[in-house]
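Reading through the structure tokens given below for one structure.
Labels below follow one simple rule: chain letters A, B, ... track the order of the sequence lines, proteins then strands, and each chain is numbered from 1.
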Amino acid sequence: MEAMPSELMIMFLGLLAVLVVPGFAMIEAGMARVQNSSLACLKTAMIFALAGASYALLGMNIAQHGLISGILEFISLVFGADAPSPEFFFQMLLAVTACLIIAGPVAERVRLWPLLFFCCIFAGVIFPVLQDLFITQNYLGGLGFSDLGGVNLMHMSAGIAALVAVKIAGPRPSRYADPQNSQAQDHALPGNNMPLAALGTFLLWIGLTALHSGAYFLQDLTFETAQLSRTILNAYLGSAGGAIAAFWLLTFRHGKADLTLVFNAMLAGLVSTASISIVAYPLLVFIIGGIGGILCLITVSFLDRLRLDDVTGAISIHGVGGAWAMLVAIAFNISGILGQIAGLILITMLAAGLSTIVLILIKASIGLCCSERASRHGQDAEEVGVQAYPQFEIRRTGF
Amino acid sequence: MKMVVAIIKPFRLEAVREALHAVGARGLTVTEVKGFGQQKGHTEVYRGAEYTVNFLPKLKIEVAINNHLEDAVVQAIRNAANTGRIGDGKIFIYELSHAVRIRTGEDGSDAL
């Protein structure tokens with residue numbers, strides 16, 4: 001069998017990676033309550049469109065030529081028609097995926113418009129600036145920083161931006177007990193459709209695996225197509241490790257395995273093994289994925305203790321999984337310890353700082369969250385006009 | 001005439017219908033309902049946080065019968081709906097003062 005040229009592989013894996021879009025849509029539609037389920041789908045479609053366009057128009061320039069000349073070139077690109085490089089589509093998908101990661105945790109309270117506005121800025125400016133600093137220029141390269149085509153940068157910066165967004169937006173009404181009232185209790189707000197969340201998880205699995213594997217070609221066009229079988233097998237084993245570790249731990253602690261946490265841990269296992277899936281032995285990948293899954297579970301309960309309401313668990317999956325993946329790369333001599341730790345800190349600070357500025361400006365100008373009444377009534381009725389399941393007329397009125 | 005109203009577990013409906021048919025009840029109305037009894041629902045865990053399911057899904061069945069069928073119908077529902085576990089439901093019996101068949105205008109027992 002003759003191997004496909006790298007450019008073709010990038011396009012093929014990029015196209016496959018579009019499955020992250022329905023993946024995120026189904027996860028959020030399943031894990032939101034029924035009155036906010038349609039919005040999750042509309043939101044995903046609009047992020048697909050707007051974040052992609054934003055990256056195509058401005059982000060790509062910034063990622064390749066830096067912030068200033070990127071913005072100046074923006075004008076010439078709109079009027080010119082240079083043939084895009086083969087990686088372009090793939091890079092655009094990284095930006096879109098980052099925005100979809102941010103959309104999940106803030107579900108059920110942040111309004112559509114402010115979210116889309118933030119996603120345009122994240123895909124068009126914040127993420128490309130990070131790409132320029134850490135991938136294109138790689139200022140920390142001398143210290144040994146490296147990242148698989150910017151994949152871990154994407155996971156981590158999106159997770160951090162999501163954390164900032166969750167903090168600034170505040171939790172969903174009635175999710176956490178009123179601290180003034182000692183009688184009050186926290187309320188879990190269970191999602192409305194677990195089979196849909198399961199479908200989304202596996203679509204996301206395929207999409208992310210394609211994204212991670214394609215990043216090897218992005219990093220190095222001479223990457224052998226034959227090595228692809230190893231990265232895909234390792235992706236499978238990493239996520240298997242995450243799911244098994246979580247399943248075991250949850251069953252051991254609660255007697256039952258909590259479904260959506262097992263899904264989260266499975267994806268965390270996949271994310272945490274992205275950068276080592278070419279070098280590590282399968283058993284090691286399995287163990288590292290397992291640790292990634294457990295880190296994800298710990299983060300979920302830690303965030304709840306801090307009253308940070310992450311609806312889908314994406315902060316734990318992508319933020320913590322991405323950071324863990326960067327650290328693991330040190331152990332396998334892919335990256336140097338100094339550069340990697342400096343990168344981890346700088347990416348965290350830059351992503352958090354830039355997102356905070358933009359989100360606070362949005363909150364102060366057009367507002368971020370819907371009213372409490374709209375939240376109870378449902379964003380589907382307020383902002384979409386179409387209910388997810390219109391033929392079920394009896395609605396849960398509690399909470 | 002009596003109106004027998006019973007709250008039962010949804011999966012026992014078919015058995016209850018057969019039992020009622022066997023003792024001669026001629027009509028049955030079923031409604032999906034939610035409610036709680038002595039256990040006041042139960043708690044479940046979602047993403048590590050507990051939540052209470054206050055209202056459990058049940059079926060409410062209503063049967064209008066002549067007086068002489070009362071004991072047989074109650075016994076039939078008890079036998080068919082009983083699983084021996086908590087949450088099997090309850091039976092309530094009311095006096096039924098009047099009944100009319102809409103199509104023919106028949107009245108009282110003839111309408112049942």
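Under a cut-off of 6.0 angstrom, the local environment of NZ in B:K2 is crowded, with over 12 non-hydrogen atoms contributed by other residues, nucleotides or ligands. Within a 6.0 Å sphere centred on CZ of A:F302, heavy atoms belonging to other residues, nucleotides or ligands number 12 at most. Other residues, nucleotides and ligands contribute over 12 non-hydrogen atoms within 6.0 Å of the CD atom of B:E44. More than 12 heavy atoms of other residues, nucleotides or ligands shown are found within 6.0 angstrom of CZ on B:F11. Within a 6.0 Å radius of CZ in B:R26, no more than 12 heavy atoms belonging to other residues, nucleotides or ligands are found.
Interface remark: A:R305 contributes no atoms to any contact with chain B (heavy atom separation under 4.5 Å). With a threshold of 4.5 angstrom between heavy atoms, A:T260 approaches chain B through its backbone and through its side chain.
Taking every heavy atom of both residues into account, A:A188 and B:A49 meet most closely at CB-O, 3.5 Å. A:V311 and B:R47 get closest at one heavy-atom pair: O-NE, 3.9 Å.
The CE atom of A:M31 sits 4.0 Å away from the OH atom of B:Y46 when rounded to the nearest 0.5 Å.
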